[in-house]
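Model, not experiment: these values are computed from the prediction.
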Amino acid sequence: MPARAYTDAAWFTLEMERLFAQMWVAAGRADQLPAAGAFVRRNVAGASVLIVRAPDGSIKAFHNVCRHRGTQLCLEHDGTFHGSIQCPYHAWTYGLDGRLLAAPQMDDVAGFDRAAYPLRPVACDTWDGHIFINLSDSPPPLASQLGELPARFAPWQMDRLRLARRIEYDVATNWKLVVQNYNECLHCPVIHPLLNRMHHYLGAENVPSADTYCGGAMGFKDGIETLSTDGKRRRAILPGLTARDREQVSYFAIYPNFLLTLHPDYMMTITIWPQDCGRTTLVAEWHFDPDEMAKKGFVFEDAVEFWDRTNREDWAISEQSYLGISSRGYQPGPYSERERQLWEFDQFIVSRTGHPSTPLKLPT
Amino acid sequence: MPARAYTDAAWFTLEMERLFAQMWVAAGRADQLPAAGAFVRRNVAGASVLIVRAPDGSIKAFHNVCRHRGTQLCLEHDGTFHGSIQCPYHAWTYGLDGRLLAAPQMDDVAGFDRAAYPLRPVACDTWDGHIFINLSDSPPPLASQLGELPARFAPWQMDRLRLARRIEYDVATNWKLVVQNYNECLHCPVIHPLLNRMHHYLGAENVPSADTYCGGAMGFKDGIETLSTDGKRRRAILPGLTARDREQVSYFAIYPNFLLTLHPDYMMTITIWPQDCGRTTLVAEWHFDPDEMAKKGFVFEDAVEFWDRTNREDWAISEQSYLGISSRGYQPGPYSERERQLWEFDQFIVSRTGHPSTPLKLPT
Amino acid sequence: MPARAYTDAAWFTLEMERLFAQMWVAAGRADQLPAAGAFVRRNVAGASVLIVRAPDGSIKAFHNVCRHRGTQLCLEHDGTFHGSIQCPYHAWTYGLDGRLLAAPQMDDVAGFDRAAYPLRPVACDTWDGHIFINLSDSPPPLASQLGELPARFAPWQMDRLRLARRIEYDVATNWKLVVQNYNECLHCPVIHPLLNRMHHYLGAENVPSADTYCGGAMGFKDGIETLSTDGKRRRAILPGLTARDREQVSYFAIYPNFLLTLHPDYMMTITIWPQDCGRTTLVAEWHFDPDEMAKKGFVFEDAVEFWDRTNREDWAISEQSYLGISSRGYQPGPYSERERQLWEFDQFIVSRTGHPSTPLKLPT
């Protein structure tokens, strides 16, 4: 892709409109909303969105904006609403389902109808515990974006897993360079000395890419049981896994913002939150089997430390990549066959943004 | 008003050109310039302006820019020039009336006429001690902007009052949200627990709005004597006030940048200095009767502390308001009848900026 | 020049394209690259450039961008490459002459030719030890930009001199105001009390300006031997100087970014690195005769301290100048005859940028 796909603010705006405001965006886990009123707040494509557990157990999402004078209702990152959501400016009060319950001084206004001013809804759906939101007024079904992934990962019973650790990274790079970095392991011997002891870097077996995701699995080297600081596995294998999945890690990038990494004994998720052309917030979370978590002596630091180190190696080279691509001297270079998924991602970006672009080169 | 009236840099520029560079802007008090040479510096609409007490006692204003190479003459916020104003670069020297007195090396230049290079003047006028400046080349009289206010407030003898305290606030909001917040008290029970013990929040009696200002008065609740931390009055009532004005506070917003709040025993002024769409500097000053100030045991902290707390409550909600209005999910909402002054202010903005705009809704 | 020449981001971009990306830019000294593999990194006009001593002793310059995925190859400001330059992402490896030596995984790609992907070269040349780079694809000879300067300064044998001290300044001004400040000494009595004890501020004897540089010499006042904190000279006079050059300082501005100041016993260079309209990085370096440097008791702090103080005086007034020119009240003013070099520089800027401009005034 040309440099401007990474450095031009207009291109970034277009990506936010055409990708992040129209596709389903991964936004957290249902277990982070344990009871009615629990909420998380997410900022995406210029929107501030409240994701709330409703009293009926469903998960709803709303724009975090009062219908009266536009005040942001809630400044907290997460927390619990007690029965209703009240604007701190003039006390307009909404139910956990978004209905306007009270609007002081407005009831005397001729023609004012509370039913006309609920919180503006945002589409929200879940897949095996993963919450997705969609800012479009008429979103396609979430299933259409996930394709065959729900079937593929059903054995993992991901909805059972529970969060143990969350780390947020502020990275000086374009969000697409994070996806491209995730989609190939040619850099592993150079960048990741520890990871490279676990996998053979050419060992990926990728599934045919779909329009909205790509990925594959990499087997372990001899003696390696999972990805941890020493390659040892300190937790039981997740129930239901095939023999194959017990000896490999699955890596899937689900566009535009979800990196799903599944190990024999745990799940790591990374959600991608573009801030501007050259700044991206990344949220990594580690999820485990609750039966294991309940055991005396449960540990998870080996998995967190392994990936925290590996992630930081990736963020650093992605920042260095952004510096070069931002330079006057940059010209797009050739991909190898091992970088086919990057070429496919480039095609995805160009087809969605509809931007004129210099032709992309794929080695034949 | 649509979101872009608050968040679009082009709209902000237009407001600076059409409002702040063409209207009279409140810029301080004459008692802050006690003697010849005393000056204050003000930045408004991209201009840096020196306001100076001239030897003849008049107050003059000049662009703070040397006519030679454009150097900013003075970096200080306030101070005293001793007889003349000298550029620190090449020593061009100006009188306190702006005339160029000396220009080293230039007198030999054929055709150079010192009289052609005075400091560029800025229109300056005062109303009862309030200094106003106007960046326009042909400003209308200050009186046309003030309308009936000089007559209304003549009994206050505001020119007698003297500054006791100044607090500057840096607020992350659009300047118009500060005016709108000032112009209604529906939020008082929610935001201002202390103020709400002093006034009944529905008790405002507004005068009919003029084109360039709006305002009204609010009476005290029983037992309240003025706005202070405990509602007690610790200074004599200002001489000349009517019985009515002894039991209420007048609140006037004089567009574009002056909030004038008159209590039985003191005056608070707030001047508004927009920095960009989302950042505004606010300068609050408390002014008292000099006869009171001369008395042993004079105190004013009760009034300052009351308003400092109340002001900060207003600035915080105005920032939260700006966050919501800046969000993708914002849509303009309905006003109640109690928010008529906001609707009028919106009309003022739209008519002056001449910007196309979504229609504004006023409840009928 | 109109205010927009200093404050308009579009004008700045044009200057970077037409001046800094097309002219020869001073980029350091050859003695800073003592052996094969030694490098410095320079950022100019959006490019990151590596300047490297090749094994054959020549100096080469390359864009600091990998030809594979655009990664910035090197983040260090200076250092030494050991035999080759390797990209830290996928280990593409280049020779010190820029040739691509290894590209893992690419050799299997049909049609891939390593010879087609060398580091992109940047033109590089030297003049008596001064390194210049040129980002243009077809640069004119360096000699055409230097005109009669190599002949004029041959007696100085500048290639013999060696760096003793480097100070980097981050200045909040437009780069052109630094050049204009350097090009006149009318400000010396006002701004530089120490320097003004050394030179008579009207004593400059300027050479006729060329298209790409201007300058002249200023003699010392009685009793002054060189520019140092006390006017005393603590080092031998440089060999080869004329009687005249032993009693004066030469000041030359070589556009766009080089200020060359030659004293009887040392050389000070300042390179100018524009960051944006209102921010400029300045690198001052002090260079001495290596024979003197080898002597016991060699000192140079007197020269560094003198100029560090004088430079900071210049940077401060250049910042104040930028503030005034950025103000709404700025209008271009008249030059005196002593500011002719500034007028010529203005003409240079306008002719190169080809920007429409208000007419420039030169006193006749």
* Asked: Among residues 68-77 of chain A, which ones touch chain B with a heavy-atom distance under 4.5 Å?
  -> A/His68, A/Arg69, A/Gly70, A/Thr71, A/Gln72, A/Leu73, A/Cys74, A/Leu75
* Test item: B/Pro274 and B/Phe12 side chains (from C-beta on) under 4.5 Å apart, heavy atoms -> yes
* Electrostatic pair B/Asp170-B/Arg279, nearest N-O below 4.0 angstrom -> yes
* Asked: Taking it one step at a time, do B/Phe20 and B/Trp175 satisfy ring-ring contact (aromatic ring centres under 6.0 Å, His included)?
  -> CA-CA 12 Å; B/Phe20 284 78; B/Trp175 71 277; 5.1 Å; yes
* Run the salt-bridge test on B/Arg197 and B/Asp230 with the 4.0 Å N-O cut-off and return the result as yes or no. => no
* Structure fact -> When the 4.5 angstrom heavy-atom criterion is applied to A/Phe112 and chain B, the contacting part is side chain
* **Contacting moiety of B/Glu184, where chain A heavy atoms sit under 4.5 Å** => side chain
* Asked: Parallel, tilted or perpendicular for A/Phe132 and A/His130, by the 30°/60° rule?
  -> perpendicular
* Structure fact -> Answer key: most heavy-atom pairs under 4.5 Å with chain B among A/Arg120, A/Arg67, A/Gln86, A/His63 is A/Arg120
* To do: Measure up the B/Phe220 and B/His199 rings against each other and bin them: parallel (under 30°), tilted (30 to 60°), perpendicular (over 60°).
  => parallel
* So, are A/Glu17 and A/Arg352 salt-bridged, with charged N and O less than 4.0 Å apart? -> no
* With A/Phe81 via ring-ring contact (aromatic ring centres under 6.0 Å, His included) - residues at least two apart -> A/Phe39
* Please flag which part of A/Ala45 lies under 4.5 Å from any non-hydrogen atom of chain B: side chain, backbone, both or neither. => both
* Going by heavy atoms in the side chains, are A/Lys176 and A/Tyr6 under 4.5 Å from each other? -> yes
* For chain A, find which of B/Glu319, B/Gln320, B/Arg338 contributes the most heavy-atom pairs closer than 4.5 angstrom. => B/Gln320
* To do: Flag the one option from A/Ser48, A/Pro88, A/Ala47, A/Ala91 with the top tally of heavy-atom pairs under 4.5 Å to chain B.
  => A/Pro88
